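One structure below.
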Amino acid sequence: MNVVKFGGSSISNSKNIKRVLDLIKRIDEKTIIVVSAIGKTTDLITKAGILASKKDSKYKEVFKKIKSTHFNIIRKLSDINFQVKILTTVQKLFIELENILDGLYNVGEFNKSINDKISSYGEILSSRIIFRIAINQNININYLNSKEIIQVEKSSFDKLIVDYRSTKKKWNHYKDKNTFFRLIMPGFIASDKKNKITTLGRGGSDFTASILAKITNSNKIILWTDVSGLYSANPKIVKQAIPINHLSYEEAMELSHFGAKVIYPPTIQPAMDKKIPIFIKNTFDVRHKGTRIGLNDSVSKSIVKGISHIENISILNVEGSGMIGEPGYIKRVYEVLYHNHVSIVLATQASSEHSICIGIKMDDSLKAKKLIEIEFKNEIKNNIIKKINIDDNQCVITLVGDKMKKHQGISGKMFSALGSNNINVKAISQGSSERNITAVIEKKDVKKAINTLHERFFERNIKEVNLFIIGVGNVGSSLINQIK
Ligand code: ASP
Ligand code: MG
């Protein structure tokens, strides 16, 4: 059995869904098909919900837009006599959603669980519609709502935990009672302990696919999206970036955590637990091999696999000679941030214990500063700790590669490349896994830094030079001809 997932952009309109249906038709093994919401539906539903709860009647327009996108697809992809059937189901779902939105408008309320409830309609609609259209096209396919199978709990810190035991139990129950060849299921949604609908977080349909692959012992997972895999760097920033053919689970985890948006980070763990390979492929370029994520990669020769980055980071520095040799400072910094839901992106501490430097999201920077100032009120008063210092507008860039461990000089190359391009490095971190080397630089340098590193580690054979010629007379035009 296999699991395939189609992302929102791959099913954003009738033309794209047609492409996806062609892929679904060609499936020749027992397969679970997971679908995201159509296009930007999740964003739009949340937007409508927020507007409604703020008593802004514009939510009606947003709702209308969502509705017309879905209805257009149905009209374009199914026969007239069949449409009535699909439209009845879909109309019913839209009436439910509209009622909830109207309710939000009346009570002026909005919270996470309301958002879970309304945004779940995105995947329910897309899966129902594609299922019906597939039936209309005589594709042999069955439907199963993920809410009936995937069971999750929330830890005290709102972290989502999949209850694999009950999930597996529910799946076995379904499997014993039903036969199928293709089974379509909505991504993103699950049910909690009280059987209430919840979601797996933004981008969560990838996670749905991986959870299902784990409980069904699948052979592989294919995540179909709108790019040909994970890239050596963000292609929006580095023109020469190329898709990475092979990645280990660990490398993929590092890259996805450090900013590559192509795969939702929690997706990797369940696949890794069962050694199921994940393929990332492009519905708009089906022939492209894409990226394979699997066990240790012995195939590729490259040492550095990718460069990723996170923008909008703040660096918080706690410094003071009074901290030297005194245990417990780090613990207190971490604890106060942990209890207040500020997550730490990166941390460094020198052995002198004279300063602790941590990277956090810029949105958290004021809050974190206040928290630490309160925590160390006495130490600051007695000059054991100097004032807490914050640098906003920083960026974290990371080189990722399992094989960096076995090679010397990678960090040397990295920092000399940055240095010779006048890029100032504020902080450095490398774990002993040596799977990533991370530098903090100013946000304004990020484009230059990533391009410099990409050129240094990936483009040894190609060097791009910008040439400007001013005055194209005799000499200039001869030069151009020679270059040609
Ligand atoms: N529809 C959800 C989102 O946009 C889940 C997904 O697409 O993976 O975040
Ligand atoms: Mg999506």
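Not measured: the values here are computed from a predicted model. We count ligands from 1, going down the list as the structure has it; atoms in each ligand are counted the same way.
- Inspection of the Tyr164 and Gln151 side chains reveals no N or O donor paired with an N or O acceptor under 3.5 Å.
- At least one heavy atom of Glu123 sits closer than 4.0 Å to an atom of ligand 1.
- Ring pair Tyr174/Phe180 is tilted by interplanar angle, where 30° to 60° counts as tilted.
- Between Lys448 and Asp445, no side-chain nitrogen of the basic residue sits less than 4.0 Å from a carboxylate oxygen of the acidic one, so the salt-bridge criterion is not met.
- Electrostatic pairing of Lys85 and Asp79 does not count as a salt bridge here, judged by no charged N lying under 4.0 Å from a carboxylate O.
- Taking every heavy atom of Arg202 and a limit of under 4.0 angstrom, the matching atoms of ligand 1 come to 3 (C), 4 (O), 9 (O).
- Near Ser36, with a cut-off below 4.0 Å to any heavy atom, the atoms of ligand 1 are 6 (C), 7 (O), 8 (O).
- Polar contact check, Asp206 against ligand 1: no nitrogen or oxygen pair lies under 3.5 Å apart.
- Close to ligand 1: Gly203, with a non-hydrogen atom less than 4.0 angstrom away.
- Contact between Gly204 and ligand 1 is present, with at least one heavy atom of the residue lying under 4.0 Å from the ligand.
- Heavy-atom neighbours of Lys367 NZ from other residues, nucleotides or ligands within 6.0 Å: above the threshold of 12.
- Applying the 4.0 Å criterion to heavy atoms of Ser205 picks out, from ligand 1, the atoms 5 (C), 6 (C), 7 (O), 8 (O).
- Salt-bridge check for Lys154 with Asp192: failed, with every basic side-chain N at 4.0 Å or more from each acidic carboxylate O.
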